Engineer: 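Quick one: the structure is below, questions incoming.
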Amino acid sequence: IFIDIMRWQRAKLTIHKKSVTIEGGILNVSTQDMPFNKIQSVTVVQSALGQILGYGHLQISSGNALQPIVFKYLENPKIVRQVIQDKIEE
C-alpha cells in the first residue's frame, strides 16, 4: 500500500501541443506518451464519492495499445478530458 501511495503522489500528466504524457513512480519511473491523432477514446471513471469530491480516473485508449493509459485520482477529470478532446479536434 505504501508503494502505491508513493507512486500516486509522483504521477504527472502533461498535455503537450500534439500528445499527452503520463509519468509516474518513485522506485520504477515509467513514462507513457500518446499522440492525439492516435487517441480513440478518453473516458472518466468516478465513484459516487469521487463525484462529490471532484476526483476520478482518466483512461486514454488508442487502437495500438493493449491497455489504456490510466491516470488515477485526478482532480477535475472531466475538465482534463475536455481539454484533451479539444486538442484532438484542433
Side-chain angles (χ1 to χ4, degrees):
I1 294 174
F2 181 70
I3 298 298
D4 287 336
I5 292 171
M6 288 174 54
R7 187 176 302 127
W8 172 71
Q9 291 177 343
R10 284 271 309 159
K12 178 181 171 184
L13 173 72
T14 307
I15 299 173
H16 303 282
K17 186 175 181 177
K18 297 187 181 212
S19 66
V20 62
T21 303
I22 294 177
E23 300 175 49
I26 295 257
L27 301 175
N28 295 318
V29 177
S30 64
T31 302
Q32 294 177 292
D33 186 60
M34 188 177 294
F36 291 124
N37 64 352
K38 301 291 184 186
I39 295 175
Q40 288 186 335
S41 68
V42 183
T43 306
V44 171
V45 178
Q46 287 183 293
S47 65
L49 185 60
Q51 291 177 31
I52 293 168
L53 298 178
Y55 73 89
H57 305 322
L58 184 76
Q59 299 176 349
I60 304 171
S61 301
S62 77
N64 300 351
L66 296 174
Q67 293 185 352
I69 295 175
V70 179
F71 193 78
K72 296 183 177 184
Y73 306 107
L74 179 66
E75 185 177 343
N76 300 315
K78 291 179 182 178
I79 293 172
V80 177
R81 176 184 61 192
Q82 188 60 52
V83 170
I84 293 171
Q85 289 174 334
D86 290 347
K87 289 285 192 179
I88 291 170
E89 294 173 7
E90 285 183 0

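Computed from a predicted model, the values in this text were never measured in an experiment.
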Engineer: Using the rule that two of Ile, Leu, Val, Met, Phe, Trp, Tyr join whenever any of their side-chain heavy atoms come within less than 4.5 Å, decide whether Ile39 and Val70 are in one cluster.
Structural biologist: no
Engineer: Indicate the atoms forming the closest heavy-atom contact of Gln46 with Gly54, along with that distance.
Structural biologist: NE2-C, 4.3 Å
Engineer: Apply ring pair (Phe, Tyr, Trp, His ring centres under 6.0 Å) to the pair Phe71 and His57, showing each step before the final yes or no.
Structural biologist: CA-CA 6 Å; Phe71 193 78; His57 305 322; 9.5 Å; no
Engineer: Can you tell me how far CG of Leu13 sits from CG of Leu58, rounded to the nearest 0.5 angstrom?
Structural biologist: 7.0 Å
Engineer: Is Met34 reachable from Ile15 through a run of hydrophobic residues whose side-chain heavy atoms are each under 4.5 Å from the next?
Structural biologist: yes
Engineer: Tabulate below the donor-acceptor pairs under 3.5 Å that side-chain atoms of residues 80-90 make, not counting sequence neighbours, or state none.
Structural biologist:
from, atom 1, to, atom 2, distance (Å)
Gln82, NE2, Asp86, OD1, 2.8

Engineer: According to side-chain contact (heavy atoms from CB on, under 4.5 Å), who are the partners of Leu49, at least two apart in sequence or on a separate chain?
Structural biologist: Ser47, Leu53, Tyr55
Engineer: Which pair of non-hydrogen atoms, one from Gln59 and one from Pro68, has the smallest distance, and what is that distance?
Structural biologist: CB-CB, 4.3 Å
Engineer: State plainly whether one hydrophobic cluster holds both Val45 and Ile52, where clusters connect Ile, Leu, Val, Met, Phe, Trp and Tyr through side-chain heavy atoms under 4.5 angstrom apart.
Structural biologist: no
Engineer: Excluding sequence neighbours, so at least two apart, what forms side-chain hydrogen bond (donor to acceptor under 3.5 Å, both in side chains) with Thr21?
Structural biologist: His16, Asp33
Engineer: Can you tell me how far NZ of Lys38 sits from CD1 of Ile60, rounded to the nearest 0.5 angstrom?
Structural biologist: 15.5 Å
